[in-house]
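Source: prediction; values computed, not measured. The analysis underlying the following values was restricted to heavy atoms, covering all of them including side chains, and did not include hydrogens, waters or symmetry mates.
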Amino acid sequence: MAKHGQAYGTGGESGGENKLVERIARHFGKRAAGFVSLGMGDDAALVRPAPGNDIILTCDWFLEGTHFLRDRHPAEAVGWKCLARAVSDVAAMGGVPRCFLLSLALPEPLTGSWLDAFLRGLRRAARRFRCELAGGDTTSRREVLINITVAGEVRRGRASRRSGARPGDILYVSGRLGEAELGLKLLREGNAERPGQPALLRLADAARPGQLARLARRDMHVKKHLYPEPRLALGRWLREKRLPTAMMDLSDGLSSDLPRMCDASGVGALIDAARLPLPRVHEQEQKRGLDALQLALHGGDDYELLFAVSQRNASRVPASLAGLRITPIGKIVKARQVHLLDRAGRTSVLHAAGWDPFSRA
């Protein structure tokens, strides 16, 4: 077993773990450059932030049975998503990801082709987000447990936070809400034909990762669930323009995440249901009980940005940035509660009904 916290060094490892670490190193190499001055191969990594920058640190669990199912999710998608989720926290602060640590526990039978596919997805994500593997830890377990720690940079004192929203600020979200949740439901339930899309996989076929990967390339909702894109460029642009009074990413769903921003800022919010950017739910999916508004309010895993902007700066927020939609969905209010204004003009309390791992334990 590797020494706890070591950066994929060799001291104290068993022969089996040596082979696993070597497999990881073949995918990523041991080169260190820029932010990482000493990477894999020693007891710990060394990082060197640029002068005048703060370091952003965040970590994220990705657990078999809780966040993914081995017989439903391609290993390559698991590799991509475990890093994308953590990098999204850096995007929410307007920062730039620089490196990550991978702590990985998995059963011995998965140390061959499954691990290679996982590492391919992780390597693709690392290259896409320009985030270097600096080390980590490995061990054996019956189920797959993944923990990712990401280090990033942001100009000193300039990180966007959750705690600055003020009454009268306009609330915005990027992209469409509820798409990832719809993608998950389509994977679980899908056996119908969608307009303009091939028939979705039946559950009996869903255990074939190659088929799931091909489906993800054809259906944008499934793709968003399997291969989320953290909004790094938007987060940096907003921070550079000094527009957000508060900002966070949407990982657990709007109804669960927005109250966290409000609590941190000591305010409340009013959301206009008519303005929410909803997922495209087709008629046959509606008949199966899929509701676009409920998906947008409570669906998790979108990794879009939620941010507040003062009224005087609202005119500086574009309708889109590099093709990414930006939508005003409501406003910050003084009363410390979140309300929803429906299409009939009625207002009701918006209760948190997004992802909560403890309520599902």
Side-chain angles (χ1 to χ4, degrees), residues 56 58-62 66-67 81 84-95 150 159-166 169-184 224-225 228-232 234-235 238-239 244-273 275-279 292-309 324-333 335-341 348-360:
I56 300 171
T58 184
C59 65
D60 204 57
W61 282 107
F62 203 50
T66 300
H67 302 108
K81 191 171 182 177
R85 287 159 47 97
V87 165
S88 183
D89 291 333
V90 177
M93 302 193 82
V150 172
S160 298
R161 303 182 181 185
R162 299 180 180 184
S163 55
R166 296 293 178 262
D169 290 354
I170 308 301
L171 275 171
Y172 295 84
V173 293
S174 64
R176 288 182 181 272
L177 303 184
E179 288 187 322
E181 183 76 10
L182 177 56
L184 174 60
K224 191 169 184 179
H225 168 65
E229 289 276 356
R231 303 308 188 184
L232 288 164
L234 176 60
L238 289 167
R239 190 259 306 164
T245 57
M247 185 160 67
M248 66 182 299
D249 72 330
L250 292 173
S251 57
D252 296 334
L254 180 66
S255 69
S256 292
D257 286 327
L258 175 55
R260 294 165 180 156
M261 177 187 286
C262 290
D263 287 345
S265 298
V267 296
L270 178 64
I271 300 301
D272 187 346
R275 306 195 73 173
L276 288 173
L278 306 180
L293 179 59
Q294 295 304 307
L295 289 168
L297 289 173
H298 310 303
D301 260 8
D302 278 323
Y303 302 102
E304 299 292 352
L305 293 183
L306 168 71
F307 57 97
V309 176
L324 178 64
R325 179 177 180 176
I326 302 172
T327 306
I329 62 168
K331 62 182 179 180
I332 296 295
V333 297
R336 297 186 63 169
Q337 206 166 25
V338 177
H339 285 85
L340 179 70
L341 177 67
S348 60
V349 175
L350 179 61
H351 296 287
W355 169 253
D356 182 346
F358 291 97
S359 70
R360 290 162 170 80

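- Residues Leu250 and Ser88 fail the side-chain proximity criterion, which asks for heavy atoms closer than 4.5 Å.
- Considering only heavy atoms from C-beta on, Asp169 stays 4.5 Å or farther from Val267 through its side chain.
- Lys81 places a side-chain heavy atom less than 4.5 Å from the side chain of His225.
- Note that the OG atom of Ser265 and the CZ atom of Arg166 stand 6.0 Å from one another [nearest 0.5 Å].
- Note that CZ of Arg176 and CG of Leu182 are 11.5 Å apart. Values are rounded to the nearest 0.5 Å.
- Residue Ala296 comes nearest to Leu278 through the heavy atom pair CB-CD2, 3.6 Å, listed as atom of the first residue, atom of the second, then distance.
- Residues Val173 and Arg275 fail the side-chain proximity criterion, which asks for heavy atoms closer than 4.5 Å.
- Put simply, CG on Leu350 and CG on Leu270 are 10.0 Å apart, with the number rounded to the nearest 0.5 Å.
- The two residues Ile326 and Leu234 make their nearest non-hydrogen contact at CD1-CD1, 3.8 Å.
- Here the straight-line distance linking atom CG of Leu305 with atom CG of Leu324 works out to 8.0 Å at 0.5 Å rounding.
- Between the side chain of Ser160 and the backbone N or O of Arg239, no donor-acceptor pair lies under 3.5 Å.
- Under the rule for a salt bridge (Lys or Arg N to Asp or Glu O under 4.0 Å), Arg336 has no partner lying at least two apart in sequence or in another chain.
- Here CE of Met261 is found 9.5 Å from CZ of Phe307. Values are rounded to the nearest 0.5 Å.
- No donor-acceptor pair under 3.5 Å is formed between the side chain of Asp252 and the backbone N or O of Asp257.
- Across all their heavy atoms, Gly164 and Ala246 have their closest contact at N-CB, 3.8 Å.
- At distances below 3.5 Å, not a single donor-acceptor pair connects side-chain atoms of Ser255 with backbone N or O atoms of His298.
- Listed here is the closest heavy atom pair of Leu293 and Ala273: CD1-CB, 4.2 Å.
- Judged purely by atom type and a 3.5 angstrom limit, Asp272 has no side-chain atom pairing as donor or acceptor with the backbone of Gly330.
- Between atom CZ of residue Arg161 and atom CE of residue Met247 there is a gap of 12.5 Å, rounded to the nearest 0.5 Å.
- Nearest heavy-atom pair across Val333 and Ala269 is CG2-N, 3.4 Å.
- A salt bridge is absent between Arg260 and Asp263; no separation between the charged side-chain nitrogens and carboxylate oxygens falls under 4.0 Å.
- Using a 4.0 Å cut-off between charged side-chain N and carboxylate O, Glu304 and Arg325 make no salt bridge.
- Looking only at side-chain heavy atoms (C-beta outward), Leu171 and Ile332 come within less than 4.5 Å of each other.
- Pro279 is listed as a side-chain neighbour of Glu179, based on a closest heavy-atom distance under 4.5 Å.
- Counting heavy atoms from C-beta on, the side chains of Ile329 and Leu254 come closer than 4.5 Å.
- The two residues Ala180 and Asp302 have their closest heavy-atom pair at N-OD1, 3.2 Å.
- Scored by the salt bridge (Lys or Arg N to Asp or Glu O under 4.0 Å) test, Arg85 finds Asp60, Asp301 as partners (sequence neighbours excluded).
- For the salt bridge (Lys or Arg N to Asp or Glu O under 4.0 Å) test, no residue two or more places apart in sequence or in another chain qualifies with Asp89.
- For the pair Asp249/Arg231, no side-chain contact is recorded, criterion being any heavy-atom separation below 4.5 Å from C-beta on.
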